[in-house]
**Q** 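Structure in structure tokens, see below.
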Amino acid sequence: MFFSKSFIPILKNNPAEAKIKSHQLMLRTGMIKQSSAGIYSWLPLGFKVMKKIEKIVREEQDKIGAQEILMPTIQSAEIWRESGRYKDYGEEMLRIKDRQSRDMLYGPTNEELVTDIFRTSVKSYKSLPQLLYHIQWKFRDELRPRFGIMRCREFYMKDAYSFDINDDEALFSYNKFFLAYLKTFKRLNLSAIPMAADTGPIGGNLSHEFIILADTGESKIYTDKRIFDVKSDETKLQKESLKNLRGEFEKFYSVTDEKYNEKDFNDKVPEEFRLKTKGIEVGHIFYFGDKYSKPMNSSVDFQGKKEFVKMGSYGVGVSRLVGAIIEAKYDDKKEIMKWPMSVSPYDCAIIPLINKGDKKNIDKAINLTKKLKEHNVDYIIDDTEESFSAKMKKFNLIGIPFQIIIGNKTEGDNFEFINVGNDSKNLNIDEIVKIINQSKKN
Ligand code: P5A
């Protein structure tokens, strides 16, 4: 891809309305464009990153045996009346009437719709557990949408739902998602901590938020620092191992604002490990038993008896994660963004210096692309006639992790190669490809 032909509308300055880094950077580097308050279009650079995040989220759902479906964005009010949430959801729900004057709504979440799908199709406990997920746009008419795509009105969420025969099995499902979330955030190069959380309008009495630390986060958190050292790598997808894993995390006091109790915090956490800080909620899981299955009459036959299924729901803010990664990875001091390799819009930027229309460095850049293509390295060549320093400034914001600089002094087989944030090295294209592909494996 040539930069001159790409659709990456870079802004010269930070837009005044953006108060936090991720919002500034996403507008400035043309990742998104606001279409109305709290509603955004995703342009190629932002969309590429979001799609890569979505892929990782999907792979980790598949690994725990969840099955992907796709439910619509528009739902009928009927099922929400059945569950009793139609009134309760209040002004955050965008309500619509169709031409027949039927009450419809743009889904803020899908507990009701998935329960309706389940109840008409599954009749016996022998088909349980069922873990279903979809990745779909949601709409919540937030009172104060802010911080760009971090708290917006239309956002992209992965939401999963589990159906089990009893509490014990349902907690096994809950713990599977707990593990899947730890793995997902790790692959995104984020350190997300599971914290006991409030259940709000979703309901139930067991819930964890997955929080990444960031000063600009909207969640206040109170935690024991030792929770950062808990490892999940070797956990098997088996009842006892998963129970133990959650237990390892729950050993340490770690809660969000609504669950905070000063006395508990001081009693349970030795002073040197106490941390009161802020974070971004990137995932939230809930166990709510028969809160929806009972009023919606969703049951299975168990040894001749009718049992209401026990349900949980599990959300990841796929679009919010794009901003959350920027908040976590942007280097304020150096003013450099560097995407984790797993989600970077390109693997490598080729930056040729162009002297007054002399295109020979562009030709050198094009010569490199055969090798890059052969080894699946996704690149962008900056063929614009901007000054070298303007190009470097631009790429430091775009955040592609590797850069190949082709300057006047580039001769023979070696190129100036930068692993962003580190010193540059002179390497040949084989060595460069090897480093890039190695970093994709990590
Ligand atoms: C769980 C899945 C639910 O909706 N029902 C289905 C449950 N949970 S939640 O916590 O309300 O949302 C899940 C995740 O979605 C992201 N999110 C948002 N992202 C951007 N803008 C918003 N306004 C917004 N609201 C929620 C969060 O990452 C949250 O953890």
Side-chain angles (χ1 to χ4, degrees), residues 20 22-23 26 32 34 37-40 42 46 50 53-54 57 61 66 69 71 73 75 80 83 85 88-89 91-94 106-115 131-163 173-174 177-178 180-181 184-185 188 190 192-204 206-212 214 217-219 221 256 258 279-288 291-292 311-325 327-328:
I20 64 170
S22 57
H23 191 191
M26 289 182 78
I32 51 169
Q34 182 172 318
I39 303 180
Y40 291 85
W42 289 76
M50 187 161 76
I53 295 174
E54 179 185 355
V57 170
Q61 295 295 289
I69 58 175
M71 292 178 268
T73 52
Q75 305 181 18
W80 288 73
S83 74
R85 276 208 298 182
D88 296 353
Y89 222 94
E91 297 203 288
E92 262 194 29
M93 180 185 273
L94 181 65
Y106 194 123
T109 175
N110 284 52
E111 280 78 9
E112 283 78 0
L113 192 50
V114 78
T115 305
L131 313 179
L132 301 175
Y133 75 98
H134 80 158
I135 306 178
Q136 176 64 291
W137 294 96
K138 304 285 183 288
F139 193 95
R140 293 182 186 172
D141 204 351
E142 298 270 350
L143 184 60
R144 267 180 232 96
R146 57 193 171 140
F147 303 151
I149 49 87
M150 298 285 260
R151 176 163 300 281
C152 49
R153 297 199 297 164
E154 191 185 39
F155 59 99
Y156 204 42
M157 189 204 285
K158 184 287 299 177
D159 39 326
Y161 303 87
S162 63
F163 301 84
S173 294
Y174 185 93
F177 283 99
F178 190 96
Y181 278 31
T184 303
F185 299 127
L188 298 174
L190 293 172
I193 326 166
M195 304 204 161
D198 203 34
T199 54
I202 306 292
L206 171 65
S207 169
H208 287 87
E209 279 182 21
F210 288 76
I211 304 266
I212 61 170
E218 291 193 275
S219 308
I221 54 174
T256 57
E258 301 88 356
I280 301 168
E281 178 200 324
V282 285
H284 199 164
I285 61 178
F286 302 81
Y287 179 54
F288 41 72
K291 170 169 176 187
Y292 299 89
M311 293 174 58
S313 74
Y314 313 88
V316 170
V318 177
S319 49
R320 177 180 283 184
L321 270 164
V322 180
I325 294 174
E327 294 298 330

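Counting starts at 1 for both ligands and their atoms, in listed order.
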**Q** Pair Tyr156, Arg320 - check side-chain hydrogen bond (donor to acceptor under 3.5 Å, both in side chains), show working.
**A** CA-CA 8 Å; Tyr156 204 42; Arg320 177 180 283 184; over 6 Å; no
**Q** Determine whether the aromatic ring centres of Tyr89 and Trp80 lie less than 6.0 Å apart.
**A** yes
**Q** Any nitrogen or oxygen of Thr109 lying under 3.5 Å from a nitrogen or oxygen in ligand 1? Just yes or no.
**A** yes
**Q** Do the side chains of Tyr174 and Ser162 get nearer than 4.5 Å, heavy atoms only?
**A** no
**Q** Identify the closest protein heavy atom to atom 21 (N) of ligand 1: which residue and atom is it, and at what distance?
**A** Cys152 N, 3.2 Å
**Q** Is Phe210 close enough to touch ligand 1? Criterion: a residue heavy atom under 4.0 Å from a ligand atom.
**A** no
**Q** Heavy-atom contacts under 4.0 Å between Arg320 and ligand 1: side chain, backbone, both, or neither?
**A** side chain
**Q** Regarding Glu111 and Lys291, does a basic nitrogen lie under 4.0 Å from an acidic carboxylate oxygen?
**A** no
**Q** Write out the residue and atom name of the closest protein heavy atom to atom 4 (O) of ligand 1, then the distance separating them to 0.1 Å.
**A** Arg140 NH2, 2.8 Å
**Q** Would you say Ile149 touches ligand 1, if touching means a heavy atom closer than 4.0 Å?
**A** yes
**Q** Contact between Lys138 and ligand 1, counting heavy atoms under 4.0 Å?
**A** no
**Q** Hey, does Met150 sit under 4.0 Å from ligand 1 if you only count heavy atoms?
**A** yes
**Q** Which pair of non-hydrogen atoms, one from Pro145 and one from Gly38, has the smallest distance, and what is that distance?
**A** CB-CA, 3.9 Å
**Q** For Tyr161 and Ile69, run side chain to side chain contact (heavy atoms under 4.5 Å, CB included): C-alpha distance rounded to whole Å, both residues' side-chain angles, the deciding distance at 0.1 Å, then the answer.
**A** CA-CA 11 Å; Tyr161 303 87; Ile69 58 175; over 6 Å; no
**Q** Hey, is the main chain of Gly315 close enough, under 3.5 Å, to the side chain of His284 for a donor-acceptor pair?
**A** no
**Q** Quick one: does Phe286 get an N or O within less than 3.5 Å of an N or O on ligand 1?
**A** no
**Q** Looking at Glu154 and Lys138, does any basic side-chain N land under 4.0 Å from a carboxylate oxygen?
**A** no
**Q** What protein heavy atom sits nearest atom 28 (O) of ligand 1, and how far away is it?
**A** Glu281 O, 3.1 Å
**Q** Could you identify the single nearest non-hydrogen protein atom to atom 3 (C) of ligand 1 and state the distance to 0.1 Å?
**A** Ile202 CD1, 3.7 Å
**Q** Give a yes or no answer on whether the side chain of Tyr181 reaches the backbone of Tyr314 with a donor-acceptor pair at less than 3.5 Å.
**A** yes
**Q** I want to confirm something. Looking only at heavy atoms, which of Glu154, Arg153, Glu209, Met157 is nearest to atom 12 (O) of ligand 1?
**A** Met157
**Q** Is the His208 ring parallel, tilted or perpendicular to the Phe178 ring (thresholds 30°, 60°)?
**A** perpendicular
**Q** Short list, please: which atoms of ligand 1 are under 4.0 Å from a heavy atom of Glu142?
**A** 23 (N)
**Q** Within ligand 1, which atoms have a heavy atom of Asp159 less than 4.0 Å away?
**A** 2 (C), 6 (C)
**Q** Note the single closest protein heavy atom to atom 17 (N) of ligand 1, along with its residue, its atom name and the distance in Å.
**A** Phe155 CE1, 3.5 Å
**Q** Report, in ascending order of atom number, the atoms of ligand 1 lying under 4.0 Å from any heavy atom of Arg151.
**A** 21 (N)
**Q** Pairs of nitrogen or oxygen atoms closer than 3.5 Å, one from Tyr314 and one from ligand 1: do any exist?
**A** no
**Q** I'd like to know if the side chain of Glu327 reaches the main chain of Ser22, judged simply by a donor and an acceptor atom lying under 3.5 Å from each other, with no hydrogens or angles considered.
**A** yes
**Q** Which ligand 1 atoms, with their elements, are less than 4.0 angstrom from a heavy-atom of Val282?
**A** 28 (O), 30 (O)
**Q** Specify whether Phe185 and Phe210 have parallel, tilted or perpendicular ring planes, treating 30° as the upper limit for parallel and 60° as the lower limit for perpendicular.
**A** tilted
**Q** Apply the test side chain to side chain contact (heavy atoms under 4.5 Å, CB included) to residues Ile221 and Met195: give CA-CA distance (whole Å), side-chain angles for both, the deciding distance (0.1 Å), then the verdict.
**A** CA-CA 8 Å; Ile221 54 174; Met195 304 204 161; 3.4 Å; yes
**Q** Heavy atom under 4.0 Å from ligand 1: found in His284's side chain, backbone, both, or neither?
**A** both
**Q** Answer side chain, backbone, both or neither: which part of Glu111 comes under 4.0 Å from ligand 1, heavy atoms only.
**A** side chain
**Q** Out of Gly317, Ser207, Pro145, whose heavy atom sits nearest atom 14 (C) of ligand 1?
**A** Gly317
**Q** Under 4.0 Å from any heavy atom of Gly283, which atoms of ligand 1 are there?
**A** 30 (O)
